[in-house]
Number of protein chains: 2
Amino acid sequence: MQWQLRGDRPIYQQLVEILTEQIVSGQLAAGDKVPAVRELAAQAGVNPNTMQRALADMEREGLMYTNRTSGRYVTEDKEMIQKIREQIASDRIAEFLAGMSQLGFSEQEVYSLLEKRQGEGNKNGTEK
Amino acid sequence: MQWQLRGDRPIYQQLVEILTEQIVSGQLAAGDKVPAVRELAAQAGVNPNTMQRALADMEREGLMYTNRTSGRYVTEDKEMIQKIREQIASDRIAEFLAGMSQLGFSEQEVYSLLEKRQGEGNKNGTEK
DNA sequence: ATGATTGTATTATTATCATAGTACAATAAA
DNA sequence: TTTATTGTACTATGATAATAATACAATCAT
């Protein structure tokens with residue numbers, strides 16, 4: 001798993017984001033056992049308390065549940081997972097377009113810029 | 001000016017972002033006088049120290065300069081402004097596509113979702 | 001010259017975040 | 001039964017962010 005954390009936002013929030021992406025993209029499938037808190041914390045290179053906070057947040061959302069001492073599992077509600085995936089995508093699209101609009105790009109210009117990328121295969125430091 | 005601040009990121013960073021957008025979009029034009037620190041802080045509803053920090057950051061970037069006691073002004077280097085605008089746009093596009101990819105959307109799917117929006121005119125809470 | 005406005009600096013206080021270290025309860029495994 | 005693993009709770013510490021409250025220096029307008 002890739003734990004690429006940045007310093008410009010609370011770490012526990014980024015952990016929630018990364019784990020959620022893992023779930024909605026199926027890399028952590030419905031019903032899967034989630035590694036132990038200490039294990040995940042070690043992988044991510046963060047304090048167990050920080051990871052615990054992230055996991056607790058995700059349980060509150062319903063994306064995970066705990067079987068006391070047997071461990072923590074991804075929810076089996078595939079429909080919920082799908083809905084969350086679409087909600088996040090929708091939010092990101094809206095946020096992206098709003099942000100580009102703030103920069104003074106019309107929708108047409110945004111689409112043009114995206115088309116340019118299509119064929120060109122990944123420039124501008126996406127994979128830096 | 002719209003000062004829509006969120007609690008999930010340092011305020012001074014958001015101030016830099018908003019002011020930068022104002023400049024690169026031309027709403028604050030090259031050479032324009034920038035309102036006084038205390039004035040801007042009042043408008044944004046933040047502490048003058050916080051606004052001062054944001055403005056100092058922008059001067060370090062070269063987007064503004066100060067004429068001691070006469071006030072603060074937007075840089076007159078239009079080329080720099082343009083470059084920054086394109087850099088930000090490029091970064092956001094890359095970040096957006098990378099994020100959608102993490103959610104399990106192929107580039108084709110992303111373009112399809114965007115096309116859907118074209119015509120439909122703004123759904124999904126963009127304007128909450 | 002005077003007063004107001006400007007940017008800037010300083011100190012203090014509070015809240016949040018992240019970490020370290022420790023501890024405990026429940027239960028699966030031996 | 002014993003041991004190890006699990007989630008969870010708790011206290012403490014340091015760093016950063018944001019605020020409040022002043023204060024000072026430069027200069028523009030009067």
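All values below were derived from every heavy atom in this structure, side-chain atoms included, with hydrogens, water molecules and symmetry-related copies excluded. Here is the naming used below: chain letters follow the sequence lines, and residue numbers restart at 1 for every chain.
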Notebook entry, point to check: Should the pair Glu17(A)-Arg6(A) be classified as a salt bridge under the 4.0 Å nitrogen-to-oxygen rule?
Noted result: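 Looking at Arg6(A) together with Glu17(A), the answer is no, because their closest N to O distance does not fall below 4.0 Å.
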Check: Between Glu39(B) and Lys33(B), is the closest basic N to carboxylate O distance under 4.0 Å?
Finding: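 No, no charged N to carboxylate O under 4.0 Å.
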Using whole Å, report how far [atom1] of [X] lies from [atom2] of [N].
| X | N | atom1 | atom2 | answer |
| --- | --- | --- | --- | --- |
| Asp8(A) | dA18(C) | CG | P | 11 Å |
| Met51(A) | dT8(D) | CE | P | 14 Å |
| Leu40(B) | dT8(C) | CG | P | 13 Å |
| Leu5(A) | dA18(C) | CG | P | 10 Å |
| Asp57(A) | dC17(C) | CG | C1' | 13 Å |
| Ile11(B) | dT16(C) | CD1 | C1' | 12 Å |
| Arg9(B) | dT16(C) | CZ | P | 19 Å |
| Gln52(A) | dT11(D) | CD | C1' | 16 Å |

Item checked: Leu55(B) or Val46(A), whichever maps to the more 5' nucleotide of DNA chain C ->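 With Leu55(B) and Val46(A) compared, the 5'-side residue is Leu55(B).
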Item checked: Given DNA chain C, 5'-ward residue of the pair Ser70(A) and Ser70(B), judged by closest heavy atom ->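 Looking at DNA chain C, the more 5' nearest nucleotide goes with Ser70(B).
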Next item on the list: Please answer: with hydrophobic residues joined when any side-chain heavy atoms are less than 4.5 Å apart, are Val16(B) and Leu19(B) in the same cluster?
Entry: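 Yes: a chain of side-chain contacts under 4.5 Å links Val16(B) to Leu19(B).
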Determine: side-chain N/O of [X] to OP1/OP2 of [N], distance under 4.0 Å, yes or no.
| X | N | value |
| --- | --- | --- |
| Tyr12(B) | dA17(D) | yes |
| Asn47(B) | dA20(D) | yes |
| Thr50(A) | dT19(C) | yes |
| Arg72(B) | dG7(C) | yes |

Check: Checking all strands, does Arg53(B) fall into the base, sugar-phosphate, or nothing category for heavy-atom contacts under 4.0 angstrom?
Finding: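 Result for Arg53(B) = sugar-phosphate.
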Which of the following nucleotides, [options], is nearest to the side chain of [X]?
| X | options | answer |
| --- | --- | --- |
| Pro10(A) | dA18(C), dT6(D), dT10(C) | dA18(C) |
| Glu59(A) | dT8(D), dT8(C), dA18(D) | dT8(D) |
| Asn49(A) | dA23(D), dA20(C), dT6(D) | dA20(C) |
| Arg38(A) | dC28(D), dT8(C), dT6(D) | dT6(D) |

Notebook entry, point to check: Closest heavy-atom contact between Leu113(A) and Met100(A)?
Noted result: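 Smallest interatomic distance, heavy atoms only, reads CD1-CE, 4.1 Å.
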Margin query: Under a 3.5 Å threshold, yes or no: a donor from one side chain and an acceptor from the other, between Glu107(B) and Tyr111(B)?
Written below: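 A pair is found: one side chain offers a donor N or O, the other an acceptor, under 3.5 Å apart.
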